[in-house]
Amino acid sequence: METDDVLDGAPTADTAARVREVIAAAGVSQREFARRVVMDPSKLSRSLSGSRRFTAAELARIADEGRVDAGWLLGTRSREKAAAPTVGVEGGRPLQIVRETVRLIAEHGFHAVRVADIARACATSSAAIHYHFPGRAELLEAAVRWCMDEDTARRATRLAEADDAAAELRQLIALQTPRTAQQRSQWAVWLDLWAEAARSTAVGRLHSEYYRQWRETVADVVRRGVGQGVFRAGLDPQAAALTLTALIDGLATHVLSVGGPSSAAAADAMHAALTTHVTDTILAP
């Protein structure tokens with residue numbers, strides 16, 4: 001079931017073709033475009049193939065990102081009257097809404113964030129928020145998805161800079177140590193999402209799948225390190241990943257519980273403990 005209104009009158013094939021034009025004009029991959037419009041990539045793929053219809057909110061976000069008239073996407077305006085697709089500029093109202101939602105979740109907690117709070121942070125009305133995200137649940141899910149996509153992109157960038165698996169693991173540890181305000185904010189969101197995962201909500205299930213992918217990323221790095229000879233021979237990648245990620249989670253939770261000047265020292269201690277663990281149990285002697 002979709003969480004907002006489906007456009008039953010929309011000519012699916014024509015609308016999908018126009019969305020493809022917008023994506024092509026943006027000059028990015030389909031997955032990247034889905035990230036920009038805060039949409040599940042699989043839903044975008046199914047909508048483009050005709051096995052699923054775009055919702056009103058999704059088309060509003062696509063029109064906003066592509067700088068085109070939503071009526072042109074729907075085929076309710078002639079091509080001559082509609083703005084031609086132009087290269088999308090990353091940003092726009094939907095991403096502003098999502099970023100402010102993530103910030104508010106980090107500051108106040110998942111269940112404390114109201115649509116009115118988000119509207120106030122964006123200097124707009126609740127009606128404008130609902131234009132892009134009809135329900136609070138969909139907005140919160142979109143914010144979580146965006147947060148996860150950003151984290152995944154940062155990891156991919158840092159891993160690409162590493163010379164070997166040992167350097168990759170050091171990069172991952174640095175990324176997961178909450179030193180900066182952005183890292184602390186990200187961890188605050190994760191802590192709230194673990195509670196949602198325990199309740200098996202839609203957002204919780206999304207977080208569980210993301211966490212599975214994160215742990216598999218660590219396991220892949222360990223697997224490569226064993227193959228490269230920089231990690232201990234015979235090391236079990238899954239077991240090593242489970243232990244390391246659990247240690248990261250516990251230590252990060254402790255760091256977030258420490259406020260003020262002591263938080264920097266706690267982050268340093270966390271990084272040192274993780275480095276020692278890697279040296280003693282993962283790196284080749």
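Positions are given from 1 along the sequence.
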Is the shortest side-chain heavy-atom distance between [X] and [Y] below 4.5 Å?
X    : Y    : value
L244 : R215 : no
I248 : L172 : no
E58  : V37  : no
T101 : W146 : no
Q186 : Q182 : yes
K43  : R52  : yes
M148 : V144 : yes
P178 : L256 : yes

Nearest heavy-atom neighbours spanning [X] and [Y]:
X    : Y    : result
A174 : R158 : CB-NH2, 3.9 Å
F54  : A16  : CE1-CA, 4.2 Å
A143 : V102 : O-CG2, 3.5 Å
A266 : V255 : O-CG2, 3.5 Å
H130 : P134 : ND1-O, 2.9 Å
H271 : T177 : CD2-OG1, 3.8 Å

Let me see the working for R179 and D268 under side chain to side chain contact (heavy atoms under 4.5 Å, CB included), right down to the final yes or no. CA-CA 8 Å; R179 297 182 187 277; D268 288 342; 2.4 Å; yes
Ignoring hydrogens and geometry, is there a side-chain-to-backbone donor-acceptor pair from [X] to [Y] under 3.5 Å?
X    : Y    : result
Q228 : A165 : yes
T15  : L73  : yes
W187 : A106 : no
R31  : P41  : no
T243 : A240 : no
T253 : D249 : yes
Q183 : Q176 : no

If hydrophobic clusters are built from ILVMFWY residues whose side chains come within less than 4.5 Å, do [X] and [Y] share one?
X    : Y    : value
V98  : L206 : yes
I105 : W194 : yes
L175 : W214 : no
L169 : V230 : yes
F110 : V115 : yes

Any chance the side chains of Q96 and R93 put a donor and an acceptor closer than 3.5 Å? yes
Nearest-0.5 Å distance, [atom1] of residue [X] to [atom2] of residue [Y]:
X    : Y    : atom1 : atom2 : value
I97  : I118 : CD1   : CD1   : 8.5 Å
L140 : E138 : CG    : CD    : 10.0 Å
D163 : Q171 : CG    : CD    : 9.5 Å
I173 : R170 : CD1   : CZ    : 9.0 Å
S29  : R35  : OG    : CZ    : 9.5 Å
E216 : T245 : CD    : OG1   : 11.0 Å

Taking the basic N atoms (NZ, or NE/NH1/NH2) and the acidic carboxylate oxygens, is any pair closer than 4.0 Å for R61 and D64? no
Before accepting this row, confirm whether a basic side-chain N of the pair R205/E209 lies closer than 4.0 Å to the acidic partner's carboxylate O. no
Non-neighbouring partners of R114 that pass side-chain hydrogen bond (donor to acceptor under 3.5 Å, both in side chains), sequence neighbours left out: D117
Suppose we screen for side-chain hydrogen bond (donor to acceptor under 3.5 Å, both in side chains). Which residues come up paired with Q30, at least two apart in sequence or across chains? none
Are Y211 and L193 close enough, and set up right, to give a side chain to side chain contact (heavy atoms under 4.5 Å, CB included), and what steps lead you there? CA-CA 10 Å; Y211 198 82; L193 294 182; over 6 Å; no
Name each donor-acceptor pair under 3.5 Å that joins a side chain in residues 277-285 to protein atoms two or more places apart or in another chain, with its distance.
residue, atom, partner, partner atom, Å
H277, NE2, T281, OG1, 3.4
T279, OG1, T275, O, 2.9
T281, OG1, H277, O, 2.7

Report the C-alpha separation of R136 and L139 in whole Å, then their side-chain angles, then the decisive distance to 0.1 Å, and conclude whether the side chain to side chain contact (heavy atoms under 4.5 Å, CB included) test is met. CA-CA 5 Å; R136 177 180 179 277; L139 173 53; 5.6 Å; no
Parallel, tilted or perpendicular: which one describes the rings of H207 and W190, with boundaries at 30° and 60°? tilted
Pair R199, E196 - check salt bridge (charged side-chain N to carboxylate O under 4.0 Å, His left out), show working. CA-CA 5 Å; R199 298 186 184 99; E196 291 301 302; 3.0 Å; yes
